[in-house]
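The block underneath contains the structure these notes are about, expressed in structure tokens.
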Amino acid sequence: MKIINHLDFFSLSVFVELYEQKSGTAAAITLATTQPKVSRTLTMLRKTFNDELFSRHQHGMKPNRIADRLYPQAKQLVADYQALARTMELSNNEQGSINICAQEHFHRPLLSCLNELTCEGNNHFAFEIHSWTAESQKRLINRNIDYCISINPSPTDGIAHYEIAAVGKYFLVANQEHPIFNADITLGQILRYKLAISNYAMDEMRIQRLQAIADQKNLSISIALKISDIDLLLDHVEESNSIGLVAGTAFQSTLQSRTGLTCMNISDIWLNETQSQKPLKYYLQAHHGADQAFAARLATTLGQRLSAA
């Protein structure tokens with residue numbers, strides 16, 4: 001037992017990040033530390049376990065059999081450390097703090113639902129609402145955030161999924177005088193113009209569905225912008241001849257002040273083109289260390305809010 005007594009949360013976290021990311025540089029960035037410190041910690045880990053653990057390859061670091069055996073236990077220990085730290089943090093504060101991540105256009109209905117739920121039964125919480133990024137899933141797994149709103153997330157150990165609602169509606173947005181409104185709207189008509197597309201809040205990099213449809217039909221497509229910030233997408237559409245394509249109804253409050261833009265529901269066209277693909281749905285992801293009862297109530301309340309929109 002003495003040989004592992006000096007293993008701590010940081011050293012175990014370095015091991016887990018090296019195993020998952022296969023890169024010392026990436027591990028240092030995720031852990032907000034320096035690469036030399038990661039290298040020193042790896043040297044210590046190798047001495048502790050009397051094994052190389054990782055070998056260097058052209059595309060990064062490759063774990064060996066010993067690392068494969070150690071990883072599940074190290075991963076669980078890191079998760080337990082994080083849960084313990086979270087419990088201590090909450091016990092030292094008079095009020096709870098909820099950290100939740102969502103795309104910007106989801107912030108308004110999310111805040112409204114949070115206000116509604118946290119006032120029930122005289123429960124008071126501080127909110128920290130974060131913008132969704134490609135790193136959100138990693139932050140959720142590491143318990144840097146408690147909850148995350150994503151679309152069709154993949155199953156992940158330690159993360160619970162609560163279905164909110166189907167994305168449901170799809171819209172085309174363009175300047176009021178845009179020529180696309182002078183004819184019937186079809187997929188072919190849409191693809192004649194440069195496109196600004198809202199990124200989906202997905203947990204991994206996936207090809208955009210419109211790109212996949214165009215490739216399947218051997219149609220050319222010109223995407224001028226991909227972005228998760230709906231405000232910036234609408235700015236681009238206002239200042240160019242591009243067409244904006246956005247999903248869901250949560251963004252509509254953002255559109256109300258854009259008097260120079262026209263929004264058209266193209267759900268029938270979109271759903272017809274994607275009927276063979278898995279429907280897109282919003283989910284609330286919750287770290288297992290977070291309040292699951294609250295997560296279930298929040299998902300239900302958000303679903304009701306979106307269905308009424």
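Fair warning: this is a prediction, and the values are worked out from it, not measured in the lab.
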I need the full list of salt bridge (charged side-chain N to carboxylate O under 4.0 Å, His left out) pairs touching residues 232-242, with sequence neighbours left out, sorted by first then second residue.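 Applying salt bridge (charged side-chain N to carboxylate O under 4.0 Å, His left out) to every pair that reaches into residues 232-242, excluding sequence neighbours, yields D235-R258, E238-R258.
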
Are more than 12 heavy atoms, taken from residues, nucleotides or ligands other than N182, located less than 6.0 Å from that residue's CG atom? yes

Take atom CD of Q216 as the centre, draw a 6.0 Å sphere, and report whether it contains more than 12 heavy atoms from other residues, nucleotides or ligands. no

In terms of the angle between their ring planes, are H178 and Y193 parallel, tilted or perpendicular, with boundaries placed at 30° and 60°?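 Correct class here is perpendicular.
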
By ring-ring contact (aromatic ring centres under 6.0 Å, His included) - contacts of [X] (at least two apart):
| X | value |
| --- | --- |
| Y283 | none |
| Y19 | Y71 |
| F181 | none |
| H107 | none |

For Q292, give me all partners under side chain to side chain donor-acceptor pair (under 3.5 Å), at least two apart in sequence or on another chain.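 In terms of side chain to side chain donor-acceptor pair (under 3.5 Å), with neighbours along the sequence ignored, Q292 is linked to Y162.
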
Restricting to side chain to side chain donor-acceptor pair (under 3.5 Å), what partner residues turn up for T25, sequence neighbours left out? Q35

Run the salt bridge (charged side-chain N to carboxylate O under 4.0 Å, His left out) test against R69 and tell me which residues pass, sequence neighbours left out.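 Not a single residue meets the salt bridge (charged side-chain N to carboxylate O under 4.0 Å, His left out) criterion with R69.
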
Salt bridge (charged side-chain N to carboxylate O under 4.0 Å, His left out) filter on K217, not counting sequence neighbours, yields E273

Check whether NZ of the Lys or CZ of the Arg K37 lies under 6.0 Å from the centre of the six-membered ring of F10 and within 45 degrees of that ring's axis. yes

Sequence neighbours left out, what passes side chain to side chain contact (heavy atoms under 4.5 Å, CB included) with [X]? Give chain and number order.
| X | result |
| --- | --- |
| P36 | T34, R40 |
| T43 | K47 |
| Q21 | E17, A26, T30, K138 |

Counting only N and O atoms by type, is there a donor-acceptor contact under 3.5 Å from the side chain of R143 to the main-chain atoms of G289? yes

